[in-house]
Protein chains: 2
Amino acid sequence: MIDGLDGRVIELFTAEPRIGVLEASRRLGVARGTVQARLDRLARQGVIRGYGPEIDPAALGYGVTAFVTLQIRQAGGHDPVVARLARVPEVIELHTITGGGDMLCRIVARNNQDLQRVIDVIVDVQGVERASSVISLATQIPHRTLPLVRAAAGDGD
Amino acid sequence: MIDGLDGRVIELFTAEPRIGVLEASRRLGVARGTVQARLDRLARQGVIRGYGPEIDPAALGYGVTAFVTLQIRQAGGHDPVVARLARVPEVIELHTITGGGDMLCRIVARNNQDLQRVIDVIVDVQGVERASSVISLATQIPHRTLPLVRAAAGDGD
DNA sequence: CAGATCGCTGGACACCTTGTACAGTCAGAC
DNA sequence: GTCTGACTGTACAAGGTGTCCAGCGATCTG
């Protein structure tokens, strides 16, 4: 899927996103066209999804993260619930998970009191039967993909 | 914290990360220097953490995502466990959560069989007593922060 | 083996963006 | 009234980007 050079390209752009293709080619010791071709291919394959700015909710004042497991009422299915949860800005991520029609969502709030409000909003969503939440006390490993890239690039994968 | 223009800047760069400051200023109807100043400030405040390429694990062959709740043995504390889990490339994220010394981690695997292997690796980590996992069947809302940005920009926040 | 294909190299070109600076304008604060 | 801060519009040098092309070595194929 990706080779060693792909891995190094991704690694370099992850470490220093602003360097540009030309500087990257110098650092990697390959021609500029090569780096460009690799980036094009990686984007085409969907490996690189985009270069959007990463927003830190904490810096926006949303310092509390929690994971909420939802019990969904069977009747009506998931979709209406998803649509309603999508309208809650504090819902950062939402997954359907294994186990009796449940969902897992990641939410943020300004503080613990605000978290109560957000959870109430979610519980009030039509179709949600129960919600049980765990609060993230600390993020030991922030979202990362680099080791995965290295693993994928390392294997002849 | 951030105002309406900040919100529009973030929104625009999220939608089209490659446009550049000049084009952004044209679209937003403000001077280039203004956009530049806003971006600088947002980066300084930590709101914009960076512009690294977003990697899609699925495109790398890791199509399965799961959330694993870990029971940690009290003796020794979390840190050694964190250090060991950090060495597992499939561990994408790790949080300390509320409730008797537990942790929640997000992992990926190539398929369900591979997931078994990854979970075994995690359970084998010294200090991990038990692991219970839920598999993500579908991602209803992929990680997003835009609504939050809008909410923060909307309030006089 | 000859021929074709593919990816990489290294160079070239026009075009455009960036970084930076500066004077002018305007609104709000003191 | 005056000061401060933010935005505007402009300018300039420096450098990167998109694009194209010829050449080269490795690999595959008949």
Side-chain angles (χ1 to χ4, degrees), chain A residues 1-56 59-61 146 148-157, chain B residues 1-56 59-61 146 148-157:
Chain A
M1 208 136 212
I2 66 172
D3 68 6
L5 181 55
D6 288 321
R8 286 166 63 214
V9 169
I10 292 175
E11 207 163 321
L12 182 53
F13 275 97
T14 301
E16 298 171 66
R18 305 260 86 166
I19 55 174
V21 176
L22 184 56
E23 177 62 20
S25 72
R26 284 196 280 256
R27 304 257 191 111
L28 295 169
V30 298
R32 177 166 70 108
T34 305
V35 175
Q36 237 152 0
R38 294 304 183 112
L39 286 175
D40 285 352
R41 182 166 54 74
L42 288 169
R44 208 172 345 101
Q45 290 178 339
V47 174
I48 295 182
R49 224 189 266 137
Y51 299 88
E54 286 157 40
I55 306 302
D56 183 1
L60 245 35
L146 219 47
L148 213 56
V149 170
R150 292 208 187 94
D155 316 342
D157 198 0
Chain B
M1 207 135 210
I2 67 171
D3 67 7
L5 181 55
D6 288 321
R8 286 166 62 213
V9 169
I10 293 174
E11 206 163 321
L12 181 53
F13 275 98
T14 302
E16 297 173 65
R18 304 260 87 165
I19 55 173
V21 176
L22 185 56
E23 177 62 20
S25 71
R26 283 195 280 255
R27 304 256 191 112
L28 295 170
V30 298
R32 178 165 68 107
T34 305
V35 175
Q36 238 152 358
R38 295 304 184 111
L39 286 175
D40 285 353
R41 182 167 53 76
L42 288 169
R44 208 170 348 99
Q45 290 178 339
V47 174
I48 294 181
R49 224 188 265 134
Y51 299 87
E54 287 156 41
I55 306 301
D56 183 1
L60 244 36
L146 220 47
L148 214 55
V149 170
R150 291 208 188 95
D155 316 342
D157 197 1

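Convention: sequence-line order gives letters A, B, ...; per-chain numbering from 1.
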[X] [atom1] to [N] [atom2]: how many Å, rounded?
| X | N | atom1 | atom2 | result |
| --- | --- | --- | --- | --- |
| B:F13 | C:dT17 | CZ | C1' | 12 Å |
| A:R41 | C:dG7 | CZ | C1' | 10 Å |
| A:D6 | C:dC8 | CG | C1' | 13 Å |
| A:L22 | C:dG11 | CG | P | 13 Å |
| B:R27 | C:dT17 | CZ | P | 12 Å |

Notebook entry, point to check: What are the 5'-most and 3'-most nucleotides of DNA chain D lying under 4.0 Å from any heavy atom of chain A?
Noted result: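 It runs D:dG16 to D:dT19.
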Are the side chains of [X] and [Y] in touch, meaning some heavy atoms are under 4.5 Å apart?
| X | Y | value |
| --- | --- | --- |
| B:T34 | B:L5 | yes |
| B:F13 | B:I48 | no |
| A:I10 | A:V47 | yes |

Margin query: Using the side-chain heavy atoms of A:R32, tell me which of these nucleotides is nearest: C:dA12, C:dG7, C:dT9.
Written below: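 Nearest listed nucleotide: C:dA12.
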Next item on the list: Return the nearest nucleotide to the side chain of A:A31; candidates are C:dT9, C:dT18, C:dC8.
Entry: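 Of C:dT9, C:dT18, C:dC8, C:dT9 is nearest to the side chain of A:A31.
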Next item on the list: Mind checking B:R18 for me? I need base, sugar-phosphate or nothing, with any heavy atom below 4.0 Å counting as a touch.
Entry: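 It contacts nothing in the nucleic acid.
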Notebook entry, point to check: NA contact type, B:R26, heavy-atom cut-off 4.0 Å: base, sugar-phosphate, or nothing?
Noted result: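 Sugar-phosphate, no base atom in range.
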Notebook entry, point to check: Going by an N to O cut-off under 4.0 Å, is there a salt bridge joining A:E23 and A:R26?
Noted result: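 Salt bridge flag = yes for A:R26 with A:E23.
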Note to self: If I take atom CD1 from residue B:I55 and atom CG from residue A:L42, how far apart are they, to the nearest 0.5 angstrom?
What the structure shows: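 The CD1 atom of B:I55 sits 7.5 Å away from the CG atom of A:L42.
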Checklist line | Donor-acceptor pair, side chain of A:R8 and main chain of A:L28, under 3.5 angstrom | finding: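 Side chain of A:R8 to backbone of A:L28: a pair is present.
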Note to self: Looking at C:dT18, I'd like to know if its phosphate oxygens (OP1 or OP2) sit under 4.0 Å from a side-chain N or O belonging to B:Q36.
What the structure shows: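 For B:Q36, the contact criterion (side-chain N or O under 4.0 Å from OP1 or OP2 of C:dT18) is not met.
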